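To start, the structure itself, in structure tokens.
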Amino acid sequence: MKAIAATGSPEPVTVAVRQRSPGLKVATFNVNGINGRLSVLLLWLKQAQPDIVCLQELKAPQYKFPVAALRAAGYEAVWHGQSRWNGVAILSRGSEPIEIRRGLPGNVEDEHSRYIEAAVKGVLIGCLYLPNGNPASGPKFDYKLRWFRRLIGHASTLLATGAPVMLVGDFNVMPTELDVYKPERWIDDALFRPEVRSAYQQLLDQGWTDAIRTCHPGERIYTFWDYLRNAWGRDAGLRLDHLLLSPTLKDHIVAAGVDREVRGWDRASDHAPAWVILSHLPSL
DNA sequence: ATGGCTATGAGACATAGA
């Protein structure tokens with residue numbers, strides 16, 4: 001809301017005017033333990049003021065999600081917790097996300113909490129935490145590839161709806177050499193293996209737009225720095241967290257980026273938040 | 001190649017992360 005002084009009035013009259021929205025800010029943040037990281041998350045929410053947030057690696061069972069603290073900060077949430085590992089959530093500022101599904105179709109045996117989907121502020125949001133897959137090769141790598149196949153299949157059905165959709169989260173993939181501080185060191189890693197990069201490319205080929213890369217072609221941008229070996233101090237980073245936009249949304253990109261400084265905070269996650277701002281959409 | 005660090009759940013260390 002914005003106060004407008006009506007001209008000609010004897011006194012300033014406050015008129016409620018719907019402020020022109022600066023746009024819809026959608027962010028993703030692998031928090032690496034939502035309870036251990038709560039102070040960092042709340043401070044970042046206050047500073048960054050995202051409208052929609054996808055969280056990964058909650059590392060908390062369903063009942064330990066800090067719903068009250070987030071509500072006090074102005075966010076409603078849907079989440080899929082899991083004890084110790086994984087866990088994903090979608091936050092929405094000032095409105096209730098409408099949960100559409102949890103878990104990807106294609107394997108009822110898969111009990112990892114790695115995907116949740118909700119309708120939020122007129123956009124369909126798929127929040128994902130793709131398996132790490134190390135060591136490659138092996139059963140974990142196979143699981144990663146199978147999970148990726150299921151994601152690609154579901155992504156195509158989402159696109160077929162024609163709705164404004166975003167696939168947002170920790171993809172555990174560096175898409176190109178530009179996304180790795182030292183590509184030759186990562187050739188055989190599950191995050192950079194050709195099969196995985198090619199799967200990511202297949203996703204883009206369906207018609208998805210990588211918001212951060214599109215806004216910053218040719219630029220070295222990272223979203224993750226290992227806790228080990230002073231990776232943050234050396235800027236030895238990886239770009240793992242991505243925001244993919246359906247064709248309807250890509251023409252509305254205003255800006256995209258990474259809140260790098262958050263990685264330098266006390267008790268930081270090993271990931272930094274990444275975000276995109278979309279201009280006002282007709283449907284919103 | 002290894003180990004370095006950090007989280008969780010447990011109440012020591014095992015396991016996963018990337």
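Predicted model only: the values in this text are computed from it and were never measured. What you see below is based on every heavy atom in this structure, not just the backbone, and it leaves out hydrogens, waters and symmetry mates. First the proteins, then the strands, lettered A, B, ... as listed; each starts at 1.
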If the cut-off is 4.0 Å, is A/Lys140 near the phosphate of B/dG17, judged by side-chain N/O to OP1 or OP2?
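Looking at the OP1 and OP2 atoms of B/dG17, one of them is under 4.0 Å from a side-chain N or O of A/Lys140.
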Under 4.0 Å between a side-chain N or O of A/Asn32 and OP1 or OP2 of B/dA7?
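No, because none of the side-chain N or O atoms of A/Asn32 sits under 4.0 Å from OP1 or OP2 of B/dA7.
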Distance between the [atom1] atoms of [N] and [M], in whole angstroms?
N      : M      : atom1 : answer
B/dA10 : B/dT15 : C1'   : 12 Å
B/dT8  : B/dA18 : P     : 14 Å
B/dA14 : B/dA1  : C1'   : 22 Å

Just to be sure I understand the rule, does [X] reach a base, reach only the sugar-phosphate, or reach nothing, if contact means heavy atoms closer than 4.0 Å?
X        : answer
A/Arg263 : nothing
A/Tyr129 : sugar-phosphate
A/Asp189 : nothing
A/Asn30  : sugar-phosphate
A/His271 : sugar-phosphate
A/Lys144 : nothing

Tell me: CG of A/Asp270 to P of B/dG17, nearest whole Å?
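These atoms are roughly 12 Å apart.
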Between P on B/dT2 and CG on A/Asp226, what's the gap in Å once rounded to a whole number?
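It works out to 17 Å between those atoms.
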What are the two closest heavy atoms between A/Glu177 and A/Pro183, and how far apart are they?
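Nearest heavy atoms, A/Glu177 then A/Pro183: O-CG, 3.6 Å.
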Taking the side chain of [X] as its heavy atoms from C-beta onward, which of [options] lies nearest to it?
X        : options               : value
A/Lys64  : B/dG17, B/dG9, B/dA16 : B/dG9
A/Arg84  : B/dA7, B/dT8, B/dA18  : B/dT8
A/Pro61  : B/dA18, B/dG9, B/dA16 : B/dG9
A/Tyr227 : B/dA18, B/dA16, B/dC5 : B/dC5
A/Ser83  : B/dG9, B/dT15, B/dA18 : B/dG9

Which residue, A/Arg114 or A/Leu228, contacts DNA chain B at a nucleotide closer to its 5' end, judged by nearest heavy atom?
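It is A/Leu228 whose nearest nucleotide is closer to the 5' end.
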Want to settle it: does A/Gln82 or A/Met174 sit nearer the 5' end of DNA chain B, counting the closest nucleotide to each?
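Its nearest nucleotide lies further toward 5', so the answer is A/Gln82.
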ILVMFWY cluster, A/Leu204 and A/Val276 together (side-chain gap under 4.5 Å):
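Different clusters: A/Leu204 never reaches A/Val276 through Ile, Leu, Val, Met, Phe, Trp or Tyr contacts under 4.5 Å.
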Determine whether A/Ile90 and A/Val26 fall in the same hydrophobic cluster, where Ile, Leu, Val, Met, Phe, Trp and Tyr are linked whenever their side-chain heavy atoms lie under 4.5 Å apart.
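They do share one cluster, since a chain of ILVMFWY contacts under 4.5 Å joins A/Ile90 to A/Val26.
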Less than 4.0 Å between a side-chain N and a carboxylate O, is that true for A/Arg239 and A/Asp210?
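Result for this pair is yes, salt bridge flagged.
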Within the distance-only criterion (no hydrogens, no angle test), does the side chain of A/Arg263 pair as donor or acceptor with the backbone N or O of A/Trp225 below 3.5 angstrom?
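At least one qualifying donor-acceptor pair exists.
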